[in-house]
Amino acid sequence: MPLPHTTPATEAEAVARQLTLREHIVPDDTGPAPGTPATVAGVDVAYDDVRGIVAAAAVTLDAVTLEVRERATATGPVPFPYRPGLLAYRELPAVLDALGRLATAPDLVVCDGYGIAHPRRFGLAAHLGVLTGLPSIGVAKNPFTFHHQPPAAERGAWSPLLDGTEEVGRALRTQPGVKPLFVSTGHRVTLPTACAHVLNLARRYRLPETTREADRLCRTALSAATRP
DNA sequence: GCGACAG
DNA sequence: ATCTTGTCGC
């Protein structure tokens, strides 16, 4: 069922593949309902650009209790340079590897970065969702090239994230008086549902527990891979 | 041409 | 992403 991933030889090929794959995005709401019994995985990567090594982590949490259910990591060579708009080609190989090492596939994947909020409407979270078939959402820490009005100060407040006049995501306040996160849809999840998931996962801190756990794990995995 | 630009 | 100490605040 999952589609294969291979590293493009050129940026033009990378862009062309995005235009093809984006047709496979399913913009429905067939993923789990926020806060209901389900498993949610956070994925993240860390780099050692000097040695050209990337380490990825996938951590599965219980969506109700937020307890960690499973952890997996993967390391490998950095496969693609960083280019805004092509982040997925840099992160996906290691992330897909880590996800595949989980004994049980999650019901939802939370990515660091964007989903449909992307110059070609096919960011990392959408790409991951299409390849794996899993419901996915993107959670970014900055607005990238998009614009927004600051949401009200209370937790849960949001404002549209705009590419011109098109709403591509939401600036979502997960903690009172703290900088908002930028949430966008990936695959099989609706924008309001995606925001509800993020609020459910970010009860105490700005970032969802899924990304906090994945961030910690990929860093330790990187130092372990870098430490002979 | 210059600046901006997820991680 | 990553380089990096102390420091202001709850």
Side-chain angles (χ1 to χ4, degrees), chain A residues 5 7 11 14-15 18 21-22 25 42-58 73-99 109-130 136-148 153 155 161-164 166-172 174-187 191 194 198 204-208 210-223 225-227:
Chain A
H5 171 82
T7 296
E11 291 190 20
V15 169
Q18 290 179 326
L21 287 173
R22 70 180 180 182
I25 293 173
V43 295
D44 195 14
V45 301
Y47 299 95
D48 182 332
D49 277 311
V50 176
R51 302 196 185 195
I53 293 178
V54 55
T73 62
T75 60
V78 175
F80 206 83
Y82 173 70
R83 297 282 183 273
L86 299 177
L87 177 66
Y89 297 101
R90 182 169 167 84
E91 308 212 332
L92 273 182
V95 167
L96 294 174
D97 191 350
L99 271 177
V109 180
V110 178
C111 299
D112 258 52
Y114 279 110
I116 229 63
H118 178 272
R120 289 169 295 280
R121 303 295 180 266
F122 199 66
L124 172 65
H127 203 138
L128 182 150
V130 165
S136 61
I137 65 179
V139 177
K141 295 180 278 300
N142 72 59
F144 198 13
T145 61
F146 308 112
H147 301 289
H148 70 286
R155 167 179 156 86
L161 184 65
L162 302 171
D163 185 353
E166 181 182 355
E167 180 183 47
V168 293
R170 287 179 180 176
L172 177 67
T174 56
Q175 296 300 327
V178 174
K179 286 190 305 179
L181 292 178
F182 302 91
V183 180
S184 59
T185 271
H187 186 59
L191 187 53
V198 171
R204 167 109 207 254
Y205 301 100
R206 178 167 91 118
L207 294 175
T210 38
T211 88
R212 287 168 50 81
E213 289 289 344
D215 182 75
R216 280 181 36 182
L217 183 56
C218 70
R219 291 188 200 226
T220 63
L222 180 64
S223 55
T226 300
R227 196 116 306 166

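Chain letters run A, B, ... following the sequence lines, proteins first and then strands; every chain starts at 1. Scope of the values below: all heavy atoms of this structure, side chains included, with no hydrogens, waters or symmetry mates. Keep in mind that what you see is a predicted model, and the values were worked out from it rather than measured.
Between the CG atom in A:D215 and the CG atom in A:D44 there is a gap of 5.0 Å [rounded to 0.5 Å].
Under the stacking criterion of a centre-to-centre distance below 5.5 angstrom and an interplanar angle below 30°, A:Y82 sits stacked against the six-membered ring of B:dG7.
Whole-Å rounding puts the A:R90 CZ to C:dT2 C1' distance at 10 Å. In this entry the distance linking CG of A:L124 with C1' of B:dG7 reads 9 Å, nearest Å. Following rounding to the nearest Å, A:D163 (CG) and B:dA6 (P) show an atom-to-atom distance of 14 Å. In this structure, CG of A:L87 is placed 15 Å from P of B:dC5, rounded to the nearest angstrom. Atoms CG (A:L207) and C1' (B:dG7) sit 13 Å apart, rounded to a whole Å. Atoms OH (A:Y89) and C1' (B:dA6) sit 15 Å apart, rounded to a whole Å. Between A:D112 atom CG and B:dA6 atom P the separation is 13 Å, expressed in whole Å. Residue A:R51 contributes atom CZ, which lies 17 Å from atom C1' of C:dA1 at whole-angstrom precision.
Residue A:D49 is classed as having no contact, given no heavy-atom separation below 4.0 Å to the nucleic acid. Using a 4.0 Å heavy-atom cutoff across all strands shown, A:L92 reaches no nucleic acid atom at all. Using a 4.0 Å heavy-atom distance criterion, A:A117 is classed as making no nucleic acid contact. Within the nucleic acid shown, A:G85 comes within 4.0 Å of at least one base atom, counting heavy atoms only.
In this structure, A:R212 forms a cation-pi arrangement with A:Y205, its terminal cationic atom sitting closer than 6.0 Å to the ring centre and no more than 45° off the ring axis. Stacking of A:R90 on the aromatic ring of A:Y47 is recorded, both the 6.0 Å distance cut-off and the 45° axial limit being met.
In this structure, A:Q18 contributes its side chain and A:G85 its backbone to a donor-acceptor pair below 3.5 Å.
A sub-4.0 Å separation between OP1 or OP2 of B:dA6 and a side-chain N or O of A:R83 is absent. Side-chain nitrogen and oxygen atoms of A:N142 include at least one within less than 4.0 Å of the OP1 or OP2 phosphate oxygen of B:dG7. Listed pair A:K141 / B:dA6 fails the phosphate criterion, with no side-chain N or O lying under 4.0 Å from OP1 or OP2.
Between C:dA1, B:dC5, B:dG7, one nucleotide has an atom nearer to the side chain of A:F144 than all others, and that is B:dC5.
Salt-bridge formation is detected for the pair A:K141/A:D112: a Lys NZ or Arg NE/NH1/NH2 atom is positioned less than 4.0 Å from an Asp or Glu carboxylate oxygen.
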